[in-house]
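Data block below; observations after.
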Amino acid sequence: MKIIITVFSIFITILIYLMSKIVSKKFPSPFTTPVFFSTPIIITILVLLDIQYEEYTFAKEIMTYLLGPATVALAVPLYKNREIVFKNILPVGLGLTIGSFSSILSGVLLAKVFGLSNILIASISVKSSTTPVAIEISKIIGGDPALTVAFVIITGIAGTMIGPWLMNLTKITNPLSRGLALGTIAHGQGTAEAAQEGELQGAVSGVAMGLGAIFTAFVAPIVISLIL
Amino acid sequence: MKSWFMIIGQLFILWIINTIGFYIVETLNLTIPGNVMGLMILFLLLVTGIIPIRWVEEAANLLIKHLAFFFIPIAVGLMALGTVFLKNGIPLIIIMGISIVLGIYLTGFVSQFVAQKKEGVKSENNNHSI
């Protein structure tokens, strides 16, 4: 029975993922991105078929086996766009450091003020990091992987919707800065949005996503250990 | 056929680097994730030319193209945790909202401010694509 459920779980997850790819191509929007679109559908199917989450976890282990190598692969776009960083080391370095740090610190402090549990605070602290890195940092600092994915995805969607509007309002017009802000805070989704604005924005955003994730990996554990 | 062999070979390289990353982090007792260590190792290997980009590029592109797939099974874990969101919905919206706005504004503002200072010195270069 366990094998049947596992095979079925993998089949259904891949199927819905492929569906989400088609839907997001036809109706491109933050809400049709694969995770946001697929997860509720898969959960609904599992609930309807009375499959418990514990029964799904073995399938999860198999499907996420390549997540580590996939994270390592992020070095490739970073390497390809490294010239942009070297040429603009100060604006990129300072913008990313201050922006990323303020995002981590404000998230943790506010969560603390609202009296949220430590699991929630740890999970929320890494919300601007790209998902695979966020999950791993979150595990180290006592967060929950599923909550972390949710916060990261919500941050990506919200950042993509708010970001361009906010930067128009505050007269942040420099293409480098716009790409940097979107990639630093809204990671992969922000990068997709930045690429729509222009080639430079997209490239900077991709770099910012990678560097922001590395920065968060170093800083979030320190912030958490100081505040919790 | 040949290209599939190549992709599997490249995946194996990425897998080894990831494993080394986790090994280093564990051995040195660091608080950063093993996959981030692996990312930094691969970046260094590429920059120093020890690994040419063509050794990993195709597998990397494939994995990155389908990166979102890996998050779905993990996000399904919310079925056991959904109530946490319902219970803390309003604080979470406020926290995320403020934190996201602050992060985007500060990143954009600081980098633009610094870039303008620099442009004052050497002019040109940055502002042509909007």
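Labels below follow one simple rule: chain letters A, B, ... track the order of the sequence lines, proteins then strands, and each chain is numbered from 1.
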Given a strict heavy-atom distance threshold of 4.5 Å, which part of [X] is in contact with chain A: side chain, backbone, both, or neither?
{"X": "B/I74", "answer": "both"}
{"X": "B/M40", "answer": "side chain"}
{"X": "B/L42", "answer": "both"}
{"X": "B/V101", "answer": "both"}
{"X": "B/L45", "answer": "neither"}
{"X": "B/F113", "answer": "neither"}

Is [X] in contact with chain B via its backbone, its side chain, both, or neither, using a 4.5 Å heavy-atom distance?
{"X": "A/L67", "answer": "both"}
{"X": "A/I141", "answer": "neither"}
{"X": "A/L166", "answer": "side chain"}
{"X": "A/T184", "answer": "side chain"}
{"X": "A/L180", "answer": "both"}
{"X": "A/P221", "answer": "side chain"}
{"X": "A/I214", "answer": "both"}
{"X": "A/I135", "answer": "side chain"}
{"X": "A/I42", "answer": "side chain"}
{"X": "A/L110", "answer": "both"}
{"X": "A/F101", "answer": "neither"}

Do any N or O atoms from the side chain of [X] and from the backbone of [Y] form a donor-acceptor pair under 3.5 angstrom?
{"X": "A/S128", "Y": "A/I185", "value": "yes"}
{"X": "A/N81", "Y": "A/P77", "value": "yes"}
{"X": "A/K127", "Y": "A/S103", "value": "yes"}
{"X": "A/S177", "Y": "B/Q112", "value": "yes"}

Mind ranking [options] by heavy-atom pairs under 4.5 Å with chain B and telling me who comes out on top?
{"options": "A/P132, A/S38, A/A213, A/G159", "answer": "A/P132"}
{"options": "A/I137, A/I222, A/I162", "answer": "A/I137"}
{"options": "A/G93, A/A150, A/G190, A/A158", "answer": "A/A150"}
{"options": "A/L78, A/V92, A/T148", "answer": "A/L78"}
{"options": "A/L109, A/T97, A/T131, A/V76", "answer": "A/T131"}
{"options": "A/M167, A/K80, A/K139", "answer": "A/K80"}

Inset, instruction - Specify the closest pair of heavy atoms between B/Q10 and B/A59, including all atoms of both residues, with the distance to one decimal. - result: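 Nearest pair, atom of B/Q10 first, then B/A59: OE1-N, 2.8 Å.
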Legend entry - Ring centroid separation A/Y17 to A/F37 under 6.0 Å: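 That pair fails the under 6.0 Å test.
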Legend entry - Polar side chain donor-acceptor pair, A/Y56 to A/T6, under 3.5 angstrom: no
Inset, instruction - Check the side chains of A/S129 and A/T216 for a donor-acceptor pair under 3.5 angstrom, ignoring hydrogens and angles. - result: no
Legend entry - Parallel, tilted or perpendicular: ring planes of A/Y79 versus B/F43, cut at 30 and 60 degrees: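 The rings of A/Y79 and B/F43 stand perpendicular, inter-plane angle above 60°.
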Legend entry - Value rounded to 0.5 Å, distance of CG in B/L63 from CD in B/E58: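 The CD atom of B/E58 is 12.0 Å from CG of B/L63, to the nearest 0.5 Å.
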Inset, instruction - Taking the side chain as every heavy atom from C-beta outward, state whether B/F12 and B/I16 have any pair of such atoms under 4.5 Å apart. - result: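 Touching, per the 4.5 Å side-chain cut-off.
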Inset, instruction - With the side chain counted from C-beta on, respond yes when A/N174 and B/Q116 share a heavy-atom pair under 4.5 Å apart, and no when they do not. - result: no
